[in-house]
Engineer: 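For reference, the structure I am asking about is given below.
What you see is a predicted model; the values in this text were computed from it and never measured. Residue numbers run from 1 in the order of the sequence given.
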Amino acid sequence: MTESAQMTRIGLMGLICLILVTFAALAHDSGFAIQMWIAAIAAAVYIVYLARRFPQGSQTDDSTYLDSVVKAGMIATVFWGLAGFLVGVVIALQLAFPVLNFDLPWTNFGRLRPLHTSAVIFAFGGNALIATSFYVVQRTCRARLAFGNLAWFVFWGYQLFIVLAATGYLLGITQAREYAEPEWYVDLWITVVWVAYLLVFLGTLWKRKEPHIYVANWFYLSFIVTIAMLHVVNNLAVPVSFLSVKSYSLFSGVQDALTQWWYGHNAVGFFLTAGFLGMMYYFVPKRADRPVYSYRLSIVHFWSLIFLYIWAGPHHLHYTALPDWAQTLGMIFSIMLWMPSWGGMINGLMTLSGAWDKLRTDPVLRMMVISVAFYGMSTFEGPMMSIKAVNSLSHYTDWTIGHVHSGALGWVGMISMGCVYHLVPRLWGRKELYSLRLVNWHFWLATLGIVVYAASMWVAGIMQGLMWREYDDQGFLVYSFAETVAAMHPYYVIRALGGVLYLTGGLIMAYNLIRTVRGDTRQEVPMGAFAAA
């Protein structure tokens, strides 16, 4: 970068910082002022960074891969994952013991719950997706990430989005839309970042030296493009003022609900499924050292999944004001999703053909494989719960919570952590992880935590649904709502225990990775080996 270009960038960032400070000073509410100060501080930090590097600028070597941003993504993934798991444990304990809500508004369940969901989905899962997609697209295209250091803008811009969203939740700033809580100005910022992400990914595909586009990139690209479309449409809103946090949705009534769950379910379908299938199709074959079981099946899996998933959202609105034909359409497409989903699961599991013995000796591969098993289970349970007769029992109960977490912790969490374990030694030039035994501990703690969590919610949710629709001989409800809440208490305690186990596994992972990055080695008996009698 030339000196004039650096000076231009510093001047532009200075102007942006000044505008943000002005917005903060003129803000119509304290929440908007705090958010603008956070953005202004981020801009000021970047100005200092640019000034310290002046006049040499940033040097790029197009002959090598840009792995430094992938390293940063690995660190962010682990950090935000632990933060999300911790907040999840806190709110689980708050449900079991309401006294833990305290009197401070920013510590109550209503504000911490969206903090937890966004931290796990967008901070933990999002960083894992961005980092692994940058790694995979470079290797499969044999090309450095496109557009110089634009990938770094994507990384740091995404971290700013996370911080603005998280602090906004604690301040009570929300659109009250599931998985789309941030207000209008944060939505605008993440749109800019996401377009940059799309440009980097597409640019790298364009300049590839490998003629074939590997299937993992198809899944990553579908996730990036579809999430952009979903985000823009669902978050169409009119701000009350450009100096206020509040905005009003462009939609209303049942149209608003349908738009929200068209977004909400496809956030699951493309953010939490398609993107992580990209991980599966690259890292499971790599770890198993086997080719994908059926490349043809992976293509069928891809096209059928993306064509069917987009129609499944209305099943969230059974027995509501949504027209019955739209509810039925959502149910039918949800049931049809069984086939491509299980086709992908079978493809992932059968990739281990001839390498099943590695599960005894490699807990990282075991973590990836069980994530695929949880993917299969969740994609069976979801369509089953979309059937109207089943949904009449499960809807609004904690059965749904159990289903979501078996997918989030089992599929998304386990495949992400397996990929982190696989990548960290390679990115930092280490021969192997500090300890495979600690990975084994993590695997069993996480698996047990998921099972305890999901099973308690399955039992509690079915009990809850049955209690809600229990009538006596006179046609009156047998149980009051308060009685159903009291009956849930032991299951809420069990759920919190499952969360503690999962968080403990995450802490062990962080310790293991820190020692790996430091280059430490641990003398231990290899996995699968038996001591002499």
Engineer: With S378, which residues qualify under side-chain hydrogen bond (donor to acceptor under 3.5 Å, both in side chains), at least two apart?
Structural biologist: S406
Engineer: Of all the heavy-atom pairs spanning Y319 and K388, show the shortest one and how long it is.
Structural biologist: OH-O, 3.0 Å
Engineer: Taking the inter-plane angle between the rings of Y375 and H301 on a 0 to 90° scale, is it parallel (under 30°), tilted (30 to 60°) or perpendicular (over 60°)?
Structural biologist: tilted
Engineer: So does W444 have more than 12 non-hydrogen atoms from other groups sitting under 6.0 Å from CH2?
Structural biologist: no
Engineer: Strictly distance-based, threshold 3.5 Å: is any side-chain N or O of T77 a donor or acceptor partner for the main-chain N or O of A128?
Structural biologist: yes
Engineer: Cut-off 3.5 Å, side chains only: do D29 and S244 have a donor facing an acceptor?
Structural biologist: yes
Engineer: Does R111 offer a backbone N or O that forms a donor-acceptor pair with the side chain of N108 under 3.5 Å?
Structural biologist: yes
Engineer: For H405 and I401, indicate whether the former's side chain and the latter's backbone hold a donor-acceptor pair under 3.5 Å.
Structural biologist: yes
Engineer: Decide whether a cation-pi geometry holds between R366 and F443; the criteria are a distance under 6.0 Å from NZ or CZ to the six-membered ring centre and an angle within 45° of the ring axis.
Structural biologist: yes
Engineer: Within the structure provided, determine whether E178 and Q260 are in side-chain contact (heavy-atom separation under 4.5 Å).
Structural biologist: yes
Engineer: What residue among E381, H316, M331 forms side chain to side chain contact (heavy atoms under 4.5 Å, CB included) with S386?
Structural biologist: M331
Engineer: Less than 4.5 Å apart, any side-chain heavy atom of V300 and any of P340?
Structural biologist: no
Engineer: Would you mind checking if D256 and R177 are paired as a salt bridge, meaning a charged N to carboxylate O distance below 4.0 Å?
Structural biologist: yes
Engineer: If we count only N and O atoms by modelled type, under 3.5 Å, do the side chains of W80 and Q159 hold a donor and an acceptor together?
Structural biologist: yes
Engineer: Do side-chain atoms of T400 reach the backbone of Y396 as a donor and acceptor pair under 3.5 angstrom?
Structural biologist: no
Engineer: Run the numbers on F161 and Y158 for ring pair (Phe, Tyr, Trp, His ring centres under 6.0 Å), then give the verdict.
Structural biologist: CA-CA 5 Å; F161 155 71; Y158 197 74; 5.5 Å; yes
Engineer: Whether the side chain of W262 engages the backbone of A312 through a donor-acceptor N/O pair (distance < 3.5 Å, no angle test) should be reported.
Structural biologist: no
Engineer: Which residue is it: W194, Y169, F271? I am looking for the one with a ring-ring contact (aromatic ring centres under 6.0 Å, His included) to F122.
Structural biologist: F271
Engineer: With sequence neighbours left out, write down each residue that passes ring-ring contact (aromatic ring centres under 6.0 Å, His included) with F302, or none if nothing qualifies.
Structural biologist: W218, F219
Engineer: Excluding sequence neighbours, so at least two apart, what forms salt bridge (Lys or Arg N to Asp or Glu O under 4.0 Å) with D362?
Structural biologist: R287
Engineer: For N217 and F201: C-alpha separation, side-chain torsions, deciding distance, then whether side chain to side chain contact (heavy atoms under 4.5 Å, CB included) applies.
Structural biologist: CA-CA 9 Å; N217 292 321; F201 198 87; 3.7 Å; yes
Engineer: Within the distance-only criterion (no hydrogens, no angle test), does the side chain of D472 pair as donor or acceptor with the backbone N or O of G475 below 3.5 angstrom?
Structural biologist: yes
Engineer: Tell me, do E183 and T174 make a side-chain contact under 4.5 Å, heavy atoms counted?
Structural biologist: no
Engineer: Backbone N or O of G465 within a donor-acceptor pair of the T397 side chain at under 3.5 Å?
Structural biologist: no
Engineer: Which residues satisfy the ring-ring contact (aromatic ring centres under 6.0 Å, His included) test with W311, sequence neighbours excluded?
Structural biologist: F333
Engineer: Please report the shortest heavy-atom distance between V78 and A510, naming the atom on each side.
Structural biologist: CG1-CB, 4.1 Å
Engineer: Go through the structure and list residues passing side-chain contact (heavy atoms from CB on, under 4.5 Å) with V412, not counting sequence neighbours.
Structural biologist: L272, F276, S416
Engineer: By side-chain hydrogen bond (donor to acceptor under 3.5 Å, both in side chains), which residues pair with W338, not counting sequence neighbours?
Structural biologist: none
Engineer: Do Y220 and T132 pair up side chain to side chain, a donor and an acceptor below 3.5 Å, judged on atom types alone?
Structural biologist: yes
Engineer: Can you confirm whether the side chains of S241 and K246 place a donor and an acceptor under 3.5 Å from each other?
Structural biologist: no
Engineer: Please round to the nearest 0.5 Å and tell me the distance separating atom CH2 of W189 and atom CG of D187.
Structural biologist: 13.5 Å
Engineer: Would you say that F270 contacts I306 through its side chain, given a criterion of any heavy-atom pair below 4.5 Å between the two side chains?
Structural biologist: yes
Engineer: Side chains of Y281 and S298 only: does a donor on one sit below 3.5 Å from an acceptor on the other?
Structural biologist: no
Engineer: Evaluate V240 against S247 for side chain to side chain contact (heavy atoms under 4.5 Å, CB included), listing each step before the verdict.
Structural biologist: CA-CA 5 Å; V240 171; S247 66; 5.9 Å; no
Engineer: When rounded to the nearest 0.5 angstrom, what distance separates CD1 in I335 from CD1 in I387?
Structural biologist: 4.5 Å
Engineer: Under a plain distance cut-off of 3.5 Å, with no hydrogens placed, do N512 and Y421 share a side-chain donor-acceptor pair?
Structural biologist: no
Engineer: Any heavy-atom pair between the side chains of M385 and W399 that's under 4.5 Å?
Structural biologist: yes
Engineer: Side chains of Q175 and N235: donor-acceptor distance under 3.5 Å anywhere?
Structural biologist: yes
Engineer: Could you tell me which residues satisfy side-chain contact (heavy atoms from CB on, under 4.5 Å) with S252, sequence neighbours excluded, listed by chain and number?
Structural biologist: none
Engineer: Step by step, would you call H315 with N391 a side chain to side chain contact (heavy atoms under 4.5 Å, CB included)?
Structural biologist: CA-CA 9 Å; H315 75 230; N391 196 265; 5.6 Å; no
Engineer: H318 and H395: side-chain donor and acceptor closer than 3.5 Å?
Structural biologist: no
Engineer: With sequence neighbours excluded, tell me which residues meet side-chain hydrogen bond (donor to acceptor under 3.5 Å, both in side chains) with Y263.
Structural biologist: none
Engineer: Could you note down all residue pairs passing ring-ring contact (aromatic ring centres under 6.0 Å, His included) where residues 86-112 supplies at least one of them, sequence neighbours left out?
Structural biologist: F97-H489
Engineer: For the residue pair S118 and E181, confirm or rule out a side-chain donor-acceptor distance under 3.5 Å.
Structural biologist: no
Engineer: Applying ring-ring contact (aromatic ring centres under 6.0 Å, His included), name anything that partners F242, two or more places apart in sequence or on another chain.
Structural biologist: W184
Engineer: Is any side-chain heavy atom of M463 closer than 4.5 Å to a side-chain heavy atom of Y491?
Structural biologist: yes
Engineer: Got T259 and L236 here, is their nearest side-chain heavy-atom distance under 4.5 Å?
Structural biologist: no
Engineer: Tell me every residue that passes side-chain hydrogen bond (donor to acceptor under 3.5 Å, both in side chains) with Q35, counting only those two or more places apart in sequence or in another chain.
Structural biologist: T167, Y185
Engineer: With side chains defined as the heavy atoms from C-beta onward, is the minimum distance between I450 and Y502 less than 4.5 Å?
Structural biologist: yes
Engineer: Sub-3.5 Å donor-acceptor pair from the side chain of S456 to the main-chain atoms of Y453, do we have one?
Structural biologist: yes
Engineer: Do any side-chain atoms of residues 81-92 form donor-acceptor pairs under 3.5 angstrom with protein atoms, and if so which ones, sequence neighbours left out?
Structural biologist:
none

Engineer: Step by step, would you call M74 with N127 a side chain to side chain contact (heavy atoms under 4.5 Å, CB included)?
Structural biologist: CA-CA 8 Å; M74 291 292 101; N127 274 293; over 6 Å; no
